[in-house]
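Convention: sequence-line order gives letters A, B, ...; per-chain numbering from 1. Values reported hereafter were calculated over all heavy atoms of this structure, with side chains retained and with hydrogens, waters and symmetry mates removed.
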2 protein chains.
Amino acid sequence: MRRTSTETKSIILSAARERFAADGYERATIRSIAADAQIDPAMVMRYFGSKEKLFAAAAEFDLRFDALADVPRDQLGSAFVRHFLRQWEAGEALQVLLRTGITNDGAAERMREIFARQLAPRIAALTGDPANAPVRAAMISAQMLGIGLARYILRFPPVVAMSEDELVHWLGPTIQRYLTAD
Amino acid sequence: MRRTSTETKSIILSAARERFAADGYERATIRSIAADAQIDPAMVMRYFGSKEKLFAAAAEFDLRFDALADVPRDQLGSAFVRHFLRQWEAGEALQVLLRTGITNDGAAERMREIFARQLAPRIAALTGDPANAPVRAAMISAQMLGIGLARYILRFPPVVAMSEDELVHWLGPTIQRYLTAD
DNA sequence: ATTGATTGTCAACAGTTGTTGGCCTACAGT
DNA sequence: ACTGTAGGCCAACAACTGTTGACAATCAAT
């Protein structure tokens, strides 16, 4: 067949995202990604240069915290939890980052960057407390990454079994406290 | 040199733990482990049979939650946090599990097992609420794994910078709530 | 119809991986 | 001194990895 280069590129990209999310950086081989995309491995190299660069392209994304801009202050905790849970389920993005961030230094760096650049400023704006925003953001990241880890990666049965509402019920007050305490 | 087989075996084991903790399952190669232990890669195979079995041996450990047996009920949260933090820092055990559990299915299974077998029963005993113990244990695991992830693996600067006391200050009430709420 | 560029295929490379079998060396019991 | 056993080392294997270069097929513009 014959496609435009941008088509093929995006086919490769989504295959790469799935593989990275499912297998992590090392086990997601270029050959397996190419096989999923039904494409020659050499094409992956042609369009992305190297595995590192392919990964960099696959791990780019936006957590869209701007959606929380006009939530009443006392409901921020629940809103944050719901927003995060949907981000976990929407795309493979967060799963890619978590699976790879643990063995790949570049991915860990990317993760730090995303949370520092996207979450901390939002929290500074929402709480009007810029001084403590990085710590609050870090605590919230830790809690939400922990839940994602338990639910989507390690698959702890009780966490998998919980509904979104139950999770909000448990986590909402925690996040609310991390946002406002002290 | 010449050693007893049990000596060499334990030398290999501790080298393996370090490598698995630092690099994860895939990147911790038998050759690199053998090099650390200053022995021939073939010896690893002789004594452990395969990489899988070496890993199984390296990932065996005890979270020692029994140490929390006689903590006053209202201080359980802080005690849990302190205990966990020390477990993270004491040996490489938790880091091994987390680094590998994310790419290796066997390790994920082992992790579920450890938390279900060691944490949940303890919580059932401590709270006198066996029905909700698995959920509470899972929530606590998620929070503490999240912190370990942010502090020791992803190295989020604000989390790395916090002292043990600060972490207890933030996390203690959360864990206390997961233990007693509802 | 002939170009030139773009998309795709194929085969091979050099390096690394887990794993294996043969061989050497030290030691204990005779 | 001789021998059996157990610890240690070396070289090689087959499979797999990322990556590369040469070559074929397809299209658009002249």
| request: Assign each of B/Ala42 and B/Arg27 to its nearest nucleotide of DNA chain C by heavy atoms, then name whichever residue's nucleotide is nearer the 5' end. | output: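 Counting from the 5' end, the first nearest nucleotide belongs to B/Arg27.
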| If you find the nucleotide of DNA chain C closest to A/Met43 and the one closest to B/Asp40, which residue's nucleotide is nearer the 5' end? | A/Met43
How many whole angstroms separate atom [atom1] of [X] from atom [atom2] of [N]?
X: B/Ile33; N: C/dT17; atom1: CD1; atom2: P; result: 11 Å
X: B/Met45; N: D/dC10; atom1: CE; atom2: P; result: 18 Å
X: B/Phe48; N: D/dG7; atom1: CZ; atom2: P; result: 13 Å
X: B/Glu52; N: C/dT17; atom1: CD; atom2: P; result: 17 Å
X: A/Ile39; N: C/dC10; atom1: CD1; atom2: C1'; result: 16 Å
X: B/Ile30; N: C/dT19; atom1: CD1; atom2: P; result: 5 Å
X: A/Gln38; N: C/dG8; atom1: CD; atom2: P; result: 13 Å
X: B/Lys51; N: C/dT19; atom1: NZ; atom2: P; result: 8 Å

| request: Looking at every strand, decide which applies to A/Tyr47 at a 4.0 Å heavy-atom threshold: base, sugar-phosphate, or nothing. | output: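 Sugar-phosphate contact only.
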| Atom NE2 of B/His83: over 12 foreign heavy atoms under 6.0 Å |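 More than 12 heavy atoms, drawn from other residues, nucleotides or ligands, come within 6.0 Å of this atom.
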| Which nucleotide in C/dT6, D/dG18, C/dA26 has an atom nearest any side-chain atom of B/Arg2 | C/dA26
| note | Out of C/dG8, C/dA12, C/dT20, minimum distance to the side chain of A/Arg31 belongs to C/dA12
| said: Starting from B/Tyr152, can I reach B/Phe80 by hopping between I/L/V/M/F/W/Y residues whose side chains sit under 4.5 Å apart? | reply: yes
| Hphob cluster co-occupancy, A/Leu54 + A/Val96, side-chain heavy atoms under 4.5 angstrom |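 As far as the 4.5 Å side-chain criterion goes, A/Val96 and A/Leu54 are connected within one cluster.
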| Of A/Arg46 and B/Arg46, whose closest DNA chain D nucleotide lies nearer the 5' terminus? | B/Arg46
| What is the ring orientation for B/Phe156 with A/Phe115, classed by angle as parallel under 30°, tilted 30 to 60°, or perpendicular over 60°? | tilted
| Going by the angle between their ring planes, with limits at 30° and 60°, are A/Phe20 and A/Tyr25 parallel, tilted or perpendicular? |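 Because their plane-to-plane angle is under 30°, the rings of A/Phe20 and A/Tyr25 count as parallel.
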| said: Between B/Arg155 and A/Glu109 (salt bridge meaning N to carboxylate O under 4.0 Å), is one present in this structure? | reply: no
| field | B/Ser32 side chain to B/Thr29 side chain, donor-acceptor N/O pair below 3.5 angstrom | value |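 There is such a pair (donor and acceptor under 3.5 Å, judged by atom type) between the side chains of B/Ser32 and B/Thr29.
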| Within residues 4-13 of chain A: residues closer than 4.0 Å to DNA chain C (heavy atoms) |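 Close to the strand are A/Ser5, A/Thr8.
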